[in-house]
Amino acid sequence: MITTSSFKTTQSEEIFNAAQNLMPGGVSSPVRAFKSVGGQPIVFDRVNGAYIWDVDGNQYIDYVGTWGPAICGHAHPEVIAALHDALEKGTSFGAPSVLENVLASMVIEAVPSIEMVRFVNSGTEACMAVIRLMRAFTGRDKIIKFAGCYHGHADMLLVQAGSGVATLGLPDSPGVPKSATASTLTATYNDLEGVKSLFEANPDSISGVILEPVVGNSGFITPDAGFLEGLRLLTQEYGALLVFDEVMTGFRIAYGGAQEKFGVTPDLTTLGKVIGGGLPVGAYGGRKDIMSMVAPAGPMYQAGTLSGNPLAMTAGIKTLELLQKPGTYEYLDRITKKLSNGLLQIAKETGHAATGGHISAMFGMFFTSEPVHNYDDAKKSDLAKFSRFHRGMLERGIYLAPSQFEAGFTSLAHTEEDINRTLEAAKEVMSM
Ligand SMILES: *Cc1c(COP(=O)(O)O)cnc(C)c1O
């Protein structure tokens, strides 16, 4: 791919170089560092609607949306106005506020499985807590997760386990003791038989199954017909809980998340990203009898100084209000379909093997000729080609997630014109 002469990122480079002496890898979260696509990250100056401006003044159409929260577009004027009002009343109470009731009611009304909810500060926290709750409620220690599903960085969930160590629960990161992951069993996404075998081998010790009902953290991978339904039946048969990690999919692939979209109701659900409207929030919720285990209603301890803070609640409430407007998800589906179909069509015309798709405002494309049903399939895609594609798009003002193993996100702020511009850029890049 050829560097366009007008693309200059000298300020970004200076700032990022300085950052590398100040913070590990120069970032506050690893994937921001562009390690998997090469080159240096651009440093953002501001975001608005569907756009990003970097510190060199370049403008981009954004398909990362701060990794999911920006479904209404960045810095939506109504969210910003609500935050201004909330700010006047203070930034943190550390005591109950009516805003928590409002957002809790909205979440309970929207998400089929949720009868009660606890707010936390991140998706990681929500997943950590939900594992503790699964164990507390069932009195069993083991959990099943799927290779390629991300549930935050808590010790017992940092297991992806390649095929050789599939069920051994070996940790992915140094510093995670074997004891922390010894109770984590790993299965292959979309492989119901594999999950069944794990249950047969451990009939009385598995507390439950946690998964991304639609995967976004090994690229965009959808559940095969019957997979979610099968997990629902298996968990019921063995007295285990089914947990949907909807931190990414919640309020994104449908207002009520994947559970609404696919009509499968889990026992517990984790949320984050969209429900914080761009501020740090996570949540977990589910059946009332299970949630009643959580302190102070019950004995399972979990707490947070800033949990349910008024700014995050305000941004979340306003964001969900905007999403409730008629036609929202139809619009998101329409523009995302245009983008996803367009990219696949261009790949075909320019002779690149590619597969992909979308659900509502979530999409993905792998550079591979085979269909992708799980993480192992995803890993067969042409990563070098993705890196060149990513760079070519960046230089043409299109900001994609800097990894083949990330889903893409659209927002209500993306226009048909933005999609057209994106497809024109893709055509140029893929023709080279
Ligand atoms: C982002 C994400 C998390 C972690 O959320 P953080 O807020 O980054 O801690 C957990 N699960 C899924 C499915 C996610 O996409």
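None of the values given here were measured: they were computed from a predicted structure. Both counts, for ligands and for their atoms, begin at 1 and track the order of listing.
In the candidate list Gly123, Cys127, Gly282, Gly123 is nearest to atom 5 (O) of ligand 1, counting heavy atoms.
For atom 7 (O) of ligand 1, a protein heavy-atom neighbour is found at a distance under 4.0 Å.
For Lys337, the NZ atom sits in a loose shell: 12 or fewer heavy atoms of surrounding residues, nucleotides or ligands are nearer than 6.0 Å. Around the CZ atom of Phe93, the shell of radius 6.0 Å holds more than 12 heavy atoms that belong to other residues, nucleotides or ligands.
Both cation-pi conditions hold for Lys379 and Tyr375: the charged atom is under 6.0 angstrom from the six-membered ring centre and inside a 45 degree cone around its axis.
Of the listed residues (Trp53, Tyr399, Tyr51, Phe16), just one forms a ring pair (Phe, Tyr, Trp, His ring centres under 6.0 Å) with Phe44, and that residue is Tyr399.
Only the side chain of Lys273 comes within contact range of ligand 1, with a heavy atom under 4.0 Å; no backbone atom does.
Interface of His151 with ligand 1, defined as ligand atoms under 4.0 Å from a residue heavy atom, comprises 10 (C), 11 (N). Atoms of ligand 1 found under 4.0 Å from any heavy atom of Ser122, numbered from 1 in the order shown, are 7 (O), 9 (O). Applying the 4.0 Å criterion to heavy atoms of Asn217 picks out, from ligand 1, the atoms 12 (C), 13 (C), 14 (C), 15 (O). Within ligand 1, counting atoms from 1 as listed, the ones closer than 4.0 Å to a heavy atom of Glu212 are 13 (C). The Asp245 neighbourhood of ligand 1 comprises atoms 10 (C), 11 (N), 12 (C), 13 (C), with distances under 4.0 Å to a heavy atom of that residue.
A perpendicular orientation is assigned to the rings of Tyr329 and Tyr255, their planes being inclined by more than 60° (bins at 30° and 60°).
Close N/O approach between Tyr150 and ligand 1 is found [any backbone or side-chain N/O within under 3.5 Å].
Annotation: the span from Leu383 atom CG to Phe366 atom CZ amounts to 10.0 Å, rounded to 0.5 Å.
Ring pair His352/Phe389: centre-to-centre distance not below 6.0 Å.
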